[in-house]
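Below: the structure, in structure tokens.
Scope of the values below: all heavy atoms of this structure, side chains included, with no hydrogens, waters or symmetry mates.
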Amino acid sequence: MTHLFTLETTGCGLSWFTDKVFDFIVTTNVPDLFPTRNCCTDLRCKLSLFAGMGNSTTCNNHLGIPPAKGPNAVGCSDFMMDHTVKGTFFRLYYPCVAYEDAEKPDWIPSKEYFYGLADFMNINRGLSELIFNYLFGSFKIPAAMNAPYKQNGKCPVVVFSHGLGAFRDESAAATFFYHGKTEEPEEKEEESLPPKPNPGAPENLLEEWMYYRSLKPGESEFPLRNKQVLQRADECIKALDILIQINSGKKMENVLGTEFDWMTLANSMDLCRIAVMGHSFGGATVIEALCNEVNFKCGIALDAWMLPLDEEIYTRVKQPIFFINSEKFQWAGNIMAMRKLVPPDSSSTQRKMVTIKGTVHQSFPDFTFLTGNWIGKIMKLKGEINPQVAIDLCNKASLAFLQRHLGMDKDFNQWDHLIEGKDDNLIPGTNVTELP
């Protein structure tokens, strides 16, 4: 029975998606926090409101990332190849052997990620650590850390790329790598904390953190973000290459030394059925990756932010692509860029666009499930639609598109109508008034 591997190279939590589509999803694990468009507007005010209402949101038992709905238990494990700043670092989600008392990873596993979020939001690190830890420090990802892989035939693969404010690269809130105790520190564009000992770090290595690369005074945004999206797409391709080697049975050194036995994944992946997905900045990464890696057979972009892409790239995309947008985030200029791939009068089954009514930019990542309705709407983390309804629509439409273009032998074609926007909560194309 075919399911999914998901690889998250760079933080939208995909535990809600993993065992419904493929068995392997490559990802990191923390969401894009705020829209990249006007991303720092009035956040200090909003955060103070958020903190002052903390008790009313964190005490609700229903808050938390919902578990996956598919037939398999979900496991996850982290992989780092080459401990330096140029290495590859990802989290793999896969179908696992279910067992009681499985360790679930923290949604935000260390204070350095809080620092990265603070830098992204341009607020004080010390204050934000207290607030974020109080509000979100207890949340877990509903996946079993390093659980044994469940043999399940050959499984399709999805590589997922997160938004600009998530983790783990310099087009993100925070990431880390390792610095040899006898090595000179590596030069980086953005300041980082000095290397430090960590009891969990590999022997003879010091942990070194990098944080969000913000615009400098007078700096133009396109050159920076274009450089980052090129790097991000390259990271996705490198991560996929590692999976291909693991699938071949080659022993790959994992710097992190996790308990998971990566050799059990040999001959487990269907390398003829590989897709790339992403949210926001990660949506732009989808398009860049499709241009540069033919192994990606199709792409799905969730509320994509198109600014980072070169104009010339659009004519180079040959694979099927599906844009799933929110109602509140998109604007005419961004839609105009998408229309270069999905013309408004196109009847093609390979290029599609839909909009989910009542959604905001953060209706796709985990954050929408971690705040109460009132605060979530103030922070623009929730829209008018029930978050579970929105995620279900996104999942089902994605599954139908993936089955169509990866040739999967499943029943996901029951949701083909969602690809066309035929549902009371969907809009075919866009709600945005488009420029002539």
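Scanning both residues, G407 and R273, for their nearest heavy atoms gives O-NH2, 2.9 Å. Nearest heavy atom pair, residue F132 against residue A118, reads CE1-N, 4.4 Å. Contact record, A147 with Y94: O-OH, 2.6 Å, taken as the closest heavy-atom pair. For the residue pair Y212 and R225, the shortest heavy atom distance occurs at OH-NH2, 2.8 Å. When all heavy atoms of Y149 and F260 are compared, the closest pair comes out as N-CE1, 3.8 Å. Considering every non-hydrogen atom in both C236 and T285, the closest pair reads SG-CG2, 4.0 Å.
Taking the six-membered ring where the residue is Trp, the centroids of F329 and F364 are separated by 6.0 Å or more.
At least one side-chain heavy atom of Y211 sits less than 4.5 Å from a side-chain heavy atom of E112. At a threshold of 4.5 Å between non-hydrogen side-chain atoms, the residues V159 and F296 count as touching. For the pair R232 and E288, the minimum side-chain heavy-atom distance is 4.5 Å or more. Proximity of M145 to C76: side-chain heavy atoms (C-beta onward) are separated by under 4.5 Å at one or more points. In this structure, the side chains of L240 and E293 come closer than 4.5 Å at one or more pairs of heavy atoms. Side-chain atoms of Q350 and H405, non-hydrogen and from C-beta on, do get closer than 4.5 Å to each other. Residues I324 and S398 form a side-chain contact, since some pair of their non-hydrogen atoms from C-beta on lies under 4.5 Å apart.
Each of N431, T355, D303, T359 was compared with S326 under the side chain to side chain donor-acceptor pair (under 3.5 Å) criterion, and only D303 meets it. Put simply, the residue from L256, D261, V255 that forms a side chain to side chain contact (heavy atoms under 4.5 Å, CB included) with T258 is L256.
Shown here is E253, whose CD atom has no more than 12 heavy atoms of other residues, nucleotides or ligands within 6.0 Å. Around the NZ atom of K422, the shell of radius 6.0 Å holds no more than 12 heavy atoms that belong to other residues, nucleotides or ligands. The number of heavy-atom neighbours closer than 6.0 Å to CD of E312, taken from other residues, nucleotides and ligands shown, is above 12. Heavy atoms of other residues, nucleotides or ligands lying less than 6.0 angstrom from NZ of K377 number more than 12.
The aromatic rings of W107 and F367 lie perpendicular to each other, with more than 60° between the two planes, well past the 30° mark.
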* To do: Please assess K250 against Q245 for the test side chain to side chain donor-acceptor pair (under 3.5 Å), listing each intermediate value before the final yes or no.
  => CA-CA 6 Å; K250 183 177 180 180; Q245 294 184 69; 3.1 Å; yes
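With rounding to the nearest 0.5 angstrom, the OG1 atom of T349 is 8.5 Å from the CZ atom of F401. Atom-to-atom distance recorded for I108:CD1 and F139:CZ is 10.0 Å, nearest 0.5 angstrom. Considering OG1 of T88 and CD1 of I242, their distance stands at 4.0 Å, rounded to 0.5 Å. In this structure, S363 OG and H279 NE2 are separated by 8.5 Å, a value rounded to the nearest 0.5 Å. The CE atom of M353 lies 4.0 Å from the CZ atom of R339; values are rounded to the nearest 0.5 Å. Summarising the geometry, atom OG1 belonging to T430 is positioned 3.5 Å from atom CD1 belonging to I335; distances are rounded to the nearest 0.5 Å.
A side-chain donor-acceptor contact under 3.5 Å links N334 to the backbone of A304.
Taking the side-chain hydrogen bond (donor to acceptor under 3.5 Å, both in side chains) definition, one finds that K340 meets it with E311, sequence neighbours left out.
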